[in-house]
Peer 1: 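Take this structure, written in structure tokens, and hold onto it; I'll ask about it next.
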Amino acid sequence: MFVGYLHILIIMGVLYIRDGPASIKHTYEYVGTSFKFVQLMQYMEVMHPLFGYSKGSPLVPFFQISGRNLILFLMIEMEPRMHAKPVVFYVFIIWSLVELVRYPYYVSQLLKRVNGLLTWLRYTIWIPLYPMGIICEGVILLRSIPYLEQTKRFSVDMPNKWNSTFDMVMFVKVYLLLLALPGSYLVMSHMSKLRAKKLGRGRSKPKLN
């Protein structure tokens, strides 16, 4: 997974160095397939606690990964007009940077080789990246609403054999509201508690081992 996200960032970086800002609109064209692969592979983090390979609840990673995949597969992949939006470039960078710290940290824990800098990064880098990621995801949802209204994609109207309706636009609006308020608060308060537990309140950055 680390190699996958590193591969994505390297491609994005090389394209940006070569083509400058003009490369931003081609981000999904070049790394979209790779990103879909690594995001689907993240569901292994849901399976591992279920089978006892790792500790913790499978629900937390399930909701976090599913939230990302809703953005990636339903809002971006299914709407070609979203592919060239600059916000896709930014959200891919933010998601990848988070994982480039998280996975090496997990490896260090498995090998029982604690690294002070890596631990500090794991429980600190979320402070700027999580809010930026939430903003980018919110922008993607907002930009998707007019397209969903126009195409009626994923919406179900009456009459139908199930005798039920589903309004995807309303779902996205409610999801956006939950993401912006209670969702962001719960995620960041959870990470803040973990940071206090791992690093200690008011403790300075750990020394390198």
Side-chain angles (χ1 to χ4, degrees), residues 1-2 4-6 8-9 12-13 16 24-25 27-28 31-32 34-36 38-43 45-46 56-79 81-106 120-149 154 168-199:
M1 294 298 292
F2 171 81
Y5 284 105
L6 181 63
I8 289 167
L9 272 185
M12 292 173 66
Y16 192 87
I24 291 178
K25 64 182 180 181
T27 297
Y28 199 76
V31 300
S34 298
F35 223 105
K36 287 184 289 183
V38 292
Q39 280 301 127
L40 287 175
M41 285 295 293
Q42 278 200 329
Y43 277 112
E45 296 182 35
V46 180
S57 169
L59 291 178
V60 174
F62 174 78
F63 286 118
Q64 290 178 335
I65 296 165
S66 297
R68 276 194 190 182
N69 285 340
L70 182 147
I71 299 290
L72 178 60
F73 288 93
L74 301 189
M75 302 297 110
I76 301 176
E77 167 67 16
M78 298 298 292
E79 179 49 69
R81 288 172 289 186
M82 285 295 300
H83 293 184
K85 303 295 185 187
V87 69
V88 174
F89 173 83
Y90 297 123
V91 82
F92 278 10
I93 288 179
I94 292 166
W95 286 352
S96 298
L97 287 175
V98 170
E99 307 307 346
L100 286 183
V101 172
R102 193 165 67 93
Y103 285 112
Y105 172 77
Y106 287 161
W120 182 83
L121 284 172
R122 167 70 180 99
Y123 291 101
T124 304
I125 198 171
W126 66 270
I127 295 174
L129 293 183
Y130 275 26
M132 289 191 293
I134 290 170
I135 291 171
C136 288
E137 291 174 24
V139 170
I140 291 171
L141 289 168
L142 283 172
R143 296 295 297 270
S144 298
I145 288 174
Y147 301 141
L148 293 171
E149 289 175 335
F154 309 122
M168 186 63 179
V169 174
M170 181 58 66
F171 172 82
V172 170
K173 290 178 179 179
V174 172
Y175 183 84
L176 180 59
L177 183 63
L178 294 176
L179 172 70
L181 297 176
S184 58
Y185 172 78
L186 289 173
V187 169
M188 287 190 281
S189 62
H190 173 70
M191 289 302 299
S192 181
K193 290 176 183 177
L194 287 179
R195 187 175 192 274
K197 180 180 178 181
K198 290 289 184 177
L199 303 183

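Predicted, not measured: the structure shown is a model, and the values here were computed from it.
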Peer 1: Before giving the answer on side-chain contact (heavy atoms from CB on, under 4.5 Å), spell out for R102 and I125 the whole-Å C-alpha distance, their side-chain angles and the decisive distance to 0.1 Å.
Peer 2: CA-CA 10 Å; R102 193 165 67 93; I125 198 171; over 6 Å; no
Peer 1: May I have the step-by-step check of side-chain contact (heavy atoms from CB on, under 4.5 Å) for C136 and I94, ending in yes or no?
Peer 2: CA-CA 9 Å; C136 288; I94 292 166; 3.9 Å; yes
Peer 1: Measuring from atom CE of M12 to atom CZ of F89, what distance do you get when rounded to the nearest 0.5 angstrom?
Peer 2: 4.5 Å
Peer 1: Can you name the closest pair of heavy atoms from P131 and W126 and give their distance?
Peer 2: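 In terms of heavy atoms, the two residues are closest at CD-O, 3.5 Å.
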Peer 1: Quick one: are K36 and L72 in side-chain contact, heavy atoms under 4.5 Å?
Peer 2: yes
Peer 1: Return the minimal non-hydrogen interatomic distance between I140 and M75, and the atom names on each side.
Peer 2: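 Heavy atoms of I140 and M75 come nearest at CG2-CB, 3.8 Å.
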Peer 1: Once you round to the nearest 0.5 Å, how far does CE of M191 lie from CG of L194?
Peer 2: 5.5 Å
Peer 1: Is the F171-F154 ring centre distance short of 6.0 angstrom?
Peer 2: no
Peer 1: Supply the atom-to-atom distance I145 CD1 to L176 CG, rounded to the nearest 0.5 angstrom.
Peer 2: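 I145 atom CD1 to L176 atom CG measures 6.0 Å (nearest 0.5 Å).
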Peer 1: Write down the atom of M78, the atom of F73, and the distance for their closest heavy-atom approach.
Peer 2: CG-O, 3.0 Å
Peer 1: Are any non-hydrogen side-chain atoms of H83 and K25 less than 4.5 angstrom apart?
Peer 2: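 No - every pair of side-chain heavy atoms lies 4.5 Å or more apart.
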Peer 1: Would you please indicate if the ring centroids of Y5 and F35 are separated by under 6.0 Å?
Peer 2: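 So the answer is yes for these two rings.
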Peer 1: Would you sort out whether L141 and Y175 count as a side-chain contact (heavy atoms from CB on, under 4.5 Å), showing the intermediate values?
Peer 2: CA-CA 9 Å; L141 289 168; Y175 183 84; 3.6 Å; yes
Peer 1: State, yes or no, whether a side-chain contact exists between R195 and I127 at a heavy-atom distance under 4.5 Å.
Peer 2: yes
Peer 1: Is there side-chain contact between W95 and E137, with at least one heavy-atom pair below 4.5 Å?
Peer 2: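 In contact.
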Peer 1: Quick one: does L199's side chain get under 4.5 Å of T124's, heavy atoms only?
Peer 2: yes
Peer 1: Using a 3.5 Å distance criterion without hydrogens, assess whether the side chain of T27 forms a donor-acceptor pair with backbone atoms of I24.
Peer 2: yes
Peer 1: Nearest 0.5 Å, please: how far is CG in N69 from CD1 in I76?
Peer 2: 10.5 Å
Peer 1: Which pair of heavy atoms, one from V169 and one from E149, lies closest together, and at what distance?
Peer 2: CG2-CG, 3.5 Å
Peer 1: Hey, what do you get for CE (M1) to CE (M41), rounding to the nearest 0.5 Å?
Peer 2: 6.5 Å
Peer 1: Starting from the C-alpha separation in whole Å, work towards a yes-or-no answer on side-chain contact (heavy atoms from CB on, under 4.5 Å) for L9 and V31.
Peer 2: CA-CA 9 Å; L9 272 185; V31 300; over 6 Å; no
Peer 1: Measure across L129 and L97 and return the closest heavy-atom pair with its distance rounded to 0.1 Å.
Peer 2: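 Shortest heavy-atom contact: CD1-CB, 3.8 Å.
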Peer 1: Just verifying a value: how many Å separate E79 CD and Y147 OH, rounded to the nearest 0.5 Å?
Peer 2: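 Rounded to the nearest 0.5 Å, the CD-OH separation comes out at 6.0 Å.
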Peer 1: Measure from the side-chain N and O atoms of S189 to the backbone N and O of L186, and report whether any donor-acceptor pair falls under 3.5 Å.
Peer 2: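 Answer holds: yes.
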Peer 1: Looking at E99 and R122, does any basic side-chain N land under 4.0 Å from a carboxylate oxygen?
Peer 2: no
Peer 1: Does the side chain of Y130 come under 3.5 Å of the side chain of S184 through a donor N or O and an acceptor N or O?
Peer 2: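 Result is no, nothing qualifies.
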Peer 1: Checking the side chain of S66 only, and the main-chain atoms of F62 only, is there a donor and an acceptor separated by less than 3.5 Å?
Peer 2: yes
Peer 1: Could you tell me if the side chain of S144 sits less than 4.5 Å from the side chain of M82, heavy atoms only?
Peer 2: yes
Peer 1: Which atom pair, heavy atoms only, marks the closest approach of P61 to E45?
Peer 2: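 So the minimum-distance heavy-atom pair works out to CG-O, 3.8 Å.
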Peer 1: Would you say that V91 contacts M132 through its side chain, given a criterion of any heavy-atom pair below 4.5 Å between the two side chains?
Peer 2: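 Answer no - side chains too far apart.
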